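Working notes, beginning with the structure itself.
Letters A, B, ... mirror the listed sequences (proteins, then strands); counts begin at 1. Fair warning: this is a prediction, and the values are worked out from it, not measured in the lab.
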Amino acid sequence: MPAARRSRAASTAAPTRRSAPAVRRPGAAHPQPAAGSPLAAHPSGPPFGLTRDQLHRLLYLMLLNRAFDDRISTLYRQGKISGGAFGSRGQEACSVGSAFATQPQDVVGPMIRNSGVILTRGLDLRRFFANYLGRATSPTGGRDGNTHLGDLSLGIVAPISHLSALIPVLAGVALAFKLRGEKRVAMTWIGDGGSSVGDFHEGLNMAGVMRLPFVLVLENNQYAYSTPTASQCAAARFADKAAGYGIPGVTVDGNDVLAVYFAVRQAVERAREGNGPTLIEAVTMRMKGHAEHDDAGYVPKALVAEWEKRDPIARYRQWLVARKLMTQPEEHALDSRVAREIDLACEQALADPFPEGPSALTGVYAEGGPGASR
Amino acid sequence: MRAAEQSPGAGQGPQAEEPTYIQGITEALREELQSDPNVFLIGEDIGTYGGAFKVTKGFLQEFGPARIVDTPISESAIVGAATGAALMGMRPVVEMQFIDFISCGWNQIVNMAAKLHYRWGPSVPITIRGPSGGYTHGGPFHSENPEAWFCHVPGLKVVAPSTGWDAKGLLKAAIRDPNPVIYLEHKFLYRRIRGPLPGPDTVVPIGKAEVKRAGTDASVITYGSGVHLALEAAAELARQGHSVEVLDLRTLRPLDLEAIVATVEKTGKVLILHEAHLTGGVGGEVAALIAEHAFERLDAPVMRLASADTPVPYSDALEQFVLPDAARVRQALESLLDY
Ligand SMILES: Cc1ncc(C[n+]2csc(CCOP(=O)(O)OP(=O)(O)O)c2C)c(N)n1
Ligand SMILES: [Mg+2]
């Protein structure tokens, strides 16, 4: 995770900060970010002081994110995953770009569509697959599934299903940093739908009042299950909610990995310097159903087609190639590396043992001090 | 309800010069703040104001704002933040201004904190304490005894002290425990109960009941305010020649099965008493344990006495009618002794 300084080039891609909240008629569509890609705004040469390797890593992580989700989808169809399988197709830039802006000492709380965050923070792929597959080798040992996993050695706090519940928890992580005078930042994610749940308000309000080193990334992917954003929120932009908490609210193109990275990095630096939390709305699109069982028949096909043109991975790849930041052999090497890693890790996880039934009865209570594990 | 005795030295009656129950709570917090830099307090109006019941009076000056954290009115965020801080190695102690408002933090307690260790390993050493209970004309929203809500949740521990000694010792144990502990202090007892307090190195272990009065003819198994009703009734019955044992559960999850079975084996007759509502209360669980583990030692059907299955009403006349009192405990015991 880079700690690069902002270059001059970056300022052209600065996220829009809106001040006066507008009121939107219920049912009216949420405004979209300007069509022109902020990616296009970067002049040639690596932006934000990111090295060529780091720029490649961003692509690698997004490719890994997509390949991982695709393999999960396949495993689900093969009946090898019994619980829900939630993908993040179309939203890889949100997860990867934001997590890439954190430092190893920071702590993140990914949500269900943030497999890219977990991968960016470096969880071993095999253990990740194992969590979906309910294996003993996973971070939860089969006690929870999907992205519901935590690993404090990687600074990952596990979500629960209840939307927005992680916001106060990560605010509390940030509170611990603040009370102890540590320059560390806590970050979590929420959806457009999840922003309607009470802990969004309580957590963000508390973080604002206490000026906690906290960043909340709101992925506005147009839908919450079948509910469109217009039925979720009457404010013009989700980022406008920040005004009520006295913190900056930033709207950014969630399909532009560099724009997400840049906006989040600014927020992270702001938090680290003791200047309080930021709400970042990344505007994006959920390109599949809510989960594998859902064909998303309620989403207009034209809308999906429009967003398909803005696929975050294709856009970024083209940008890298056009700016001669990646050669064709490098591209091929990345693609085959991702395929190889996914194949191997999946195969290993499928061969991993299931936990023993009676082990379910252990570890309800902790013994010993904080940090104690089963 | 009349203030009564406490352990140790149960049966001695109130001594004006001895510290109050609420002082036991304050002392435990102060000592744990002094001895463990990871301990901090978080809640509403606990700093400058010193807490709605003044449990933390003067703490802000004594320990500073990094140890005494005032919050917005956000019970869910307070519990959630405590959990997050605990994950970073701290030992937060949450104050609910009134325990009734713990319902607003429900999800964070039962889904986040309680299941966390089981799901992915880290411990969650948080204590959530607050004033519970009736007899204060608090009405439907300031009289709650919510223990049964939480006793149903794997991963939580639940304690409910009846004396200053236990209040202090159990709070220290709760703060040092690596699990989320719901600590229910009884606000009617706050300044009515006096007695000795343990020193700084004594904890009352979680999971251990205590016989507050020894007896041979019948047992009252109870906790919290019920202990004082039972002691009062037992003292009256003693004058009629009956020997009633009072077992104070102190911890409601996990229950002290050994102590429950021991008192049944001793007396063969059991009255289970609690201030919380009858249906779905902790008493049902105790009765089931007795049926499973000591059925053949019973000389009478297990009896239960608890609050009526109504919200706790405000008006004195109504509140007195639905909450248990010593006279009703005595009546119940008399019929049990006659069986
Ligand atoms: C409190 C709560 N209510 C309902 C649900 C069921 N649920 C899971 S995901 C979801 C939609 C979430 O939408 P959004 O927050 O926009 O996230 P997205 O799925 O679009 O990533 C719902 C309703 C839940 N998990 N939590
Ligand atoms: Mg959504």
Side-chain angles (χ1 to χ4, degrees), chain A residues 107 109 131 138-141 143-144 148-152 156-162 164-182 184 186 197-199 201-210 212 360 362-374, chain B residues 36-38 40 42 64-67 69-92 104-108 110-126 153-157 176-181 206-207 253-254:
Chain A
V107 173
N131 211 59
S138 75
T140 67
R143 289 165 181 226
D144 208 339
H148 284 197
L149 58 87
D151 184 336
L152 288 181
I156 300 173
V157 172
I160 65 171
S161 289
H162 302 63
S164 83
L166 266 189
I167 296 174
V169 174
L170 271 291
V173 169
L175 174 64
F177 297 159
K178 184 175 169 124
L179 295 180
R180 298 193 299 225
E182 297 169 356
R184 299 165 72 185
V197 187
D199 273 353
H201 165 71
E202 287 198 16
L204 214 46
N205 183 62
M206 182 184 282
V209 167
M210 297 184 177
L212 299 178
T362 65
V364 175
Y365 291 93
E367 283 153 32
S373 289
R374 291 190 280 283
Chain B
D36 184 348
N38 290 316
F40 74 96
I42 182 167
R67 311 290 303 282
V69 180
D70 266 329
T71 68
I73 305 164
S74 300
E75 286 74 14
S76 183
I78 295 168
V79 176
T83 300
L87 288 176
M88 295 299 108
M90 304 196 75
R91 289 184 177 266
C104 296
W106 178 252
N107 189 48
Q108 287 290 348
V110 305
N111 280 313
M112 184 67 75
K115 295 176 181 173
L116 197 150
H117 174 70
Y118 183 77
R119 292 166 61 237
W120 59 284
S123 59
V124 185
I126 65 176
V153 181
L156 298 181
K157 296 184 180 181
R176 297 178 191 187
D177 196 279
N179 297 283
V181 180
I206 293 177
R253 183 184 180 116

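A:Leu204 does not touch chain B: none of its heavy atoms, backbone or side chain, sits under 4.5 Å away. When heavy atoms are compared at a cutoff of 4.5 Å, A:Ile167 does not approach chain B at all. In this structure, chain A has a heavy atom under 4.5 Å from the backbone of B:Pro65, while its side chain stays farther away. With a 4.5 angstrom heavy-atom cutoff, B:Ile78 touches chain A via backbone and side-chain atoms both.
Rounding to the nearest 0.5 Å places OG1 of B:Thr71 at 10.0 Å from CG of A:Leu175. One distance of note links NZ of B:Lys115 with CG of A:Asp144; it measures 9.0 Å at 0.5 Å rounding. Going from atom CG of A:Leu152 over to atom CE of B:Met88 covers 5.0 Å, rounded to the nearest 0.5 Å. Rounding to the nearest 0.5 Å gives a distance of 7.0 Å between CD of A:Glu202 and CD of B:Glu75.
Of all non-hydrogen atoms in A:Val157 and B:Trp120, the two that sit nearest each other are CA-CH2, 3.7 Å. Considering every non-hydrogen atom in both A:Ala366 and B:Pro178, the closest pair reads O-CG, 3.3 Å. The shortest non-hydrogen separation linking B:Met90 to A:Ala176 is SD-CB, 3.6 Å. Nearest heavy atoms, A:Ala158 versus B:Arg119: CB-NH2, 4.0 Å. The nearest pair of heavy atoms linking A:Gly363 to B:His117 is O-CD2, 3.0 Å. Summarising the geometry of A:Met210 relative to B:Asp70, their closest heavy-atom pair is CE-O, 3.6 Å, with the distance given to 0.1 Å.
In terms of the salt bridge (charged side-chain N to carboxylate O under 4.0 Å, His left out) criterion, residue partners of A:Asp151 (sequence neighbours excluded) are, by chain and number, A:Arg127. In this view, A:Arg184 and A:Glu182 satisfy the salt bridge (charged side-chain N to carboxylate O under 4.0 Å, His left out) rule, not counting sequence neighbours.
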Under the criterion side-chain contact (heavy atoms from CB on, under 4.5 Å), I'd like the reasoning laid out for B:Asn107 against A:Ile160: C-alpha separation, chi angles, the key distance, then a yes or no. CA-CA 10 Å; B:Asn107 189 48; A:Ile160 65 171; 4.0 Å; yes

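B:Tyr118 contributes a side-chain N or O that, together with a main-chain N or O of A:Ala360, makes up a donor-acceptor pair within less than 3.5 Å.
Counting heavy-atom pairs closer than 4.5 Å to chain A, the top-ranked of the candidates B:Ala66, B:Pro72, B:Gly155 is B:Gly155. Between chain A and the residues B:Val124, B:Asn111, B:Asp177, B:Val79, the most heavy-atom pairs under 4.5 angstrom are made by B:Asn111. Here A:Ala165 is the residue among A:Ala165, A:Ala171, A:Gly181, A:Ser161 with the most heavy-atom pairs under 4.5 Å with chain B.
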